[in-house]
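Working notes for the structure below.
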Amino acid sequence: MEWVEFMLIRWRSIVGILLGLFAFHVLAQDDASHIDARSILVVGDSLSAEYGLERDTGWVEIIAQRLREENTGYVLHNRSISGDTSSGGLARLPEALERFKPSIVIIELGSNDALRGLPLDMTQQNLSRMVIMSKKAGARVLLVGMQVPPNYGRAYTDRFRDIYTHIAKDQDVERVPFLLEGIALDRGLFQQDGLHPNEAAQPIMADTVWRHLAPMLTP
């Protein structure tokens, strides 16, 4: 009887070890697949968050669909928030980098800084820190440039536009010169507020970004 109990205890120990090894193997595979999965992280404001649009019609989702259709192997994660500033993006970037471990980070921020009259030096510093943080996490960066209307004054508009140029040059990252290229002067491509592009403008915006994103995709 003692021998039978001894064998049962031993058998349970062996089964426990085998189950533990199996669980470790599964978890290791999950971790490896998570690390190997190529992902793109978008951190932006209302222009990327589908403000005033039907769900899944914005330029970010159009690019996500294109990534799937062309079997690129990339998954896109959109962490854009309407009304966000460069300070807000900087504050929440570390968590997003840790969670998604992106291969590419698309940064589309700054417009709300200008609308609120925030110091441009602060905007440039925040965006620069986001670029540096993303690169340190092992991601390549696509910086999406923006511009403000001329009624802000020539000096201000030029300075704001040049922020993106300087950062891209100093940090050696890719840049979309202007997200609203080809639509900025067409009132018919904007919503009633005159600030946010409508659904008809989204494919144009997607093509504008795609021209600079496509060369960054690893085959």
Side-chain angles (χ1 to χ4, degrees), residues 31-50 58-64 66-68 72-114 118-147 160-181 205-219:
D31 288 343
S33 63
H34 177 68
I35 294 173
D36 292 340
R38 293 177 293 183
S39 64
I40 299 173
L41 172 66
V42 179
V43 183
D45 51 35
S46 57
L47 296 177
S48 303
E50 297 186 334
W59 71 266
V60 177
E61 178 57 28
I62 292 174
I63 286 183
R66 190 166 184 175
L67 290 170
R68 292 191 294 267
T72 62
Y74 281 88
V75 176
L76 191 149
H77 304 281
N78 189 3
R79 285 300 177 268
S80 301
I81 298 178
S82 294
D84 205 9
T85 62
S86 61
S87 296
L90 176 62
R92 55 195 181 83
L93 180 60
E95 186 276 334
L97 291 174
E98 175 63 25
R99 178 178 181 182
F100 299 111
K101 295 179 172 56
S103 304
I104 299 173
V105 176
I106 300 177
I107 301 174
E108 181 276 302
L109 287 167
S111 295
N112 288 314
D113 294 45
L118 301 178
L120 294 183
D121 287 342
M122 182 187 71
T123 300
Q124 182 166 344
Q125 183 181 41
N126 289 339
L127 293 176
S128 294
R129 290 177 63 187
M130 291 183 71
V131 171
I132 293 172
M133 194 179 296
S134 299
K135 292 173 68 175
K136 284 185 177 179
R140 288 168 292 162
V141 176
L142 178 58
L143 183 63
V144 180
M146 283 300 300
Q147 297 179 24
F160 181 78
R161 180 199 62 212
D162 292 343
I163 283 176
Y164 301 92
T165 305
H166 292 323
I167 294 175
K169 183 178 180 179
D170 293 343
Q171 302 295 337
D172 190 25
V173 297
E174 297 296 324
R175 175 179 66 96
V176 176
F178 185 30
L179 178 60
L180 303 184
E181 178 183 349
M205 297 166 67
D207 286 342
T208 297
V209 175
W210 182 262
R211 286 198 298 271
H212 301 273
L213 176 62
M216 299 174 66
L217 303 177
T218 303

pair Ser111-Asp45: side-chain heavy atoms closer than 4.5 Å: yes
Side-chain touch Asn78/Glu50, heavy atoms, less than 4.5 angstrom: no
Side chain proximity check, Ile106 to Val176, heavy atoms < 4.5 angstrom: no
Backbone of Ala49 reached by a side-chain donor or acceptor of Ser46 within 3.5 Å: no
Side-chain donor-acceptor contact under 3.5 Å, Ser87 with Asn126: yes
Test side-chain contact (heavy atoms from CB on, under 4.5 Å) applied to Leu109 and Met130, step by step: CA-CA 10 Å; Leu109 287 167; Met130 291 183 71; 3.9 Å; yes
Side-chain donor/acceptor of Ser39 to backbone N/O of Phe100, under 3.5 Å: yes
Side-chain heavy atoms of Val141 within contact of Gln171, under 4.5 Å: no
Any Gln147 side-chain heavy atom under 4.5 Å of Leu180 side chain: no
Set of residues satisfying side chain to side chain contact (heavy atoms under 4.5 Å, CB included) with respect to Arg92, sequence neighbours excluded: Val43, Arg79, Ile81, Asp84
Least distance between heavy atoms, Lys101 atom then Glu98 atom: NZ-O, 3.0 Å
Worked verdict on Met146 versus Leu47 for side-chain contact (heavy atoms from CB on, under 4.5 Å): CA-CA 11 Å; Met146 283 300 300; Leu47 296 177; 3.6 Å; yes
Gap between atom OG of Ser134 and atom CD1 of Ile107 - 0.5 Å precision: 4.5 Å
Charged N-O contact under 4.0 Å between Glu61 and Arg68: yes
Student check: side-chain heavy atoms of Met133 and Pro94 closer than 4.5 Å: yes
Distance (rounded to the nearest 0.5 Å) between Leu76 CG and Arg38 CZ: 13.5 Å
Check: Ser86 main-chain N/O paired with Asp113 side-chain donor or acceptor under 3.5 Å: yes
Shortest non-hydrogen contact from Thr218 toward Tyr74: N-OH, 2.9 Å
Close side-chain approach of Leu67 and Ile40, heavy atoms under 4.5 Å: yes
Under 3.5 Å, sequence neighbours excluded: what are the donor-acceptor pairs made by side chains of residues 205-214?
unit_1, atom_1, unit_2, atom_2, d
Thr208, OG1, Ile204, O, 3.0
His212, ND1, Arg175, O, 3.4

Nearest heavy atoms of Ala96 and Leu41, plus distance in Å: CB-CD2, 3.7 Å
Reported CG-to-OG1 distance for the pair Leu143 and Thr165, which is rounded to 0.5 angstrom: 9.0 Å
Side chain to side chain contact (heavy atoms under 4.5 Å, CB included) partners for Gln125, two or more places apart: Arg129
Closest approach of Gly110 to Thr123 (non-hydrogen atoms, all atoms of both residues): CA-CG2, 4.3 Å
Side chains of Leu142 and Arg140 in contact at under 4.5 Å (non-hydrogen atoms): no
Minimum-distance pair of heavy atoms, taken over all atoms of Val60 and Ser48: CG2-O, 3.6 Å
